[in-house]
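When reading the values below, keep in mind they use all heavy atoms of this one structure, side chains included, and skip hydrogens, waters and symmetry mates.
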Amino acid sequence: MLLGKCASEELPLQGNFVAMFTLAALERQIFDFLGFQWAPILGNFLQIIVVILGLFGTIQFRPRYIVVYTVWTALWVTWNVFIICFYLEVGGLSKETDLMTFNISMHRSWWREHGPGCIRRVVRPSAPGILEDYSYVSVTGCIIDFQYLEVIHSAIQILLSLIGFVYACYVISIFMEEEDSFDFIGGLDTYSYRQPPQEHVELKPVKPVGRSK
């Protein structure tokens, strides 16, 4: 079967794509968990599930699963563009809001206090009237601000998603071409496909009919 042969030949490439996409999503998921960023956590989880679904659809020749992946990829790109706008404060958005935590908590990105070169200090207030267990966190010396790290992560996700989208469209086109060719062949020789013709035909002698006198 030509379709199976093509899929088996491209299976290593598919595996590399899935491994790359999954590792990128898992890496982001870990740091979002550390920062209690519930909205990105939900998105990363769905991304991992859909990537695996797309691989399953490619191996099992299920174009519908790949179509689901392409639709989700468009949504995933849109979500990452929104995250970039959020951290760059484009269009009236503010990175100081609790949007990424669904307004459940006041946590911010994990990179805000643990970025490259950041020095984190806990400063307890000495002013009267402030609770003793209340403290401030001072972060200095960061090589790159946390919002740009988040933007870089989202940009990488967009780049990987565009690669996956193009490859998914390529696989769908192959499936459609193979299905059309199979339908054409089956339409010409449907009987022979389902019930092979007999190779030997039994011949019986025919008794000649005498002429009437």
Please identify each residue that fulfils salt bridge (Lys or Arg N to Asp or Glu O under 4.0 Å) with Arg120, with sequence neighbours left out.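 With sequence neighbours excluded, Arg120 shows a salt bridge (Lys or Arg N to Asp or Glu O under 4.0 Å) to Glu113, given in chain and number order.
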Quick one, [X] and [Y] - any side-chain contact, counting heavy atoms below 4.5 Å?
X: Ile41; Y: Phe45; answer: no
X: Asp32; Y: Met100; answer: no
X: Arg108; Y: Asp98; answer: yes
X: Phe146; Y: Tyr87; answer: yes

Report the distance from atom CD of Glu150 to atom CG of Asn80, rounding to the nearest 0.5 Å. 10.5 Å
Aromatic plane relationship, [Y] with [X] - under 30° parallel, 30 to 60° tilted, over 60° perpendicular:
X: Phe31; Y: His153; value: perpendicular
X: His107; Y: Phe36; value: tilted
X: Tyr167; Y: Tyr170; value: tilted

Residue pair Tyr69, Trp72: steps toward the ring pair (Phe, Tyr, Trp, His ring centres under 6.0 Å) verdict: CA-CA 5 Å; Tyr69 171 78; Trp72 167 254; 9.3 Å; no
Could you walk me through whether Arg112 and Asp145 pass the salt bridge (charged side-chain N to carboxylate O under 4.0 Å, His left out) check? CA-CA 7 Å; Arg112 183 168 189 160; Asp145 292 337; over 6 Å; no
Under the side-chain contact (heavy atoms from CB on, under 4.5 Å) test against Trp76, which residue among Asn44, Val81, Leu160 passes?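 Checked Asn44, Val81, Leu160 against Trp76; only one passes side-chain contact (heavy atoms from CB on, under 4.5 Å): Asn44.
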What are the two closest heavy atoms between Pro116 and Leu149, and how far apart are they? CD-CD1, 3.6 Å
To which residues is Tyr65 joined in a hydrophobic cluster, defined by side-chain heavy-atom contacts under 4.5 Å among Ile, Leu, Val, Met, Phe, Trp and Tyr, whether direct or through other members?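 Tyr65 shares its hydrophobic cluster with Leu53, Phe56, Val68.
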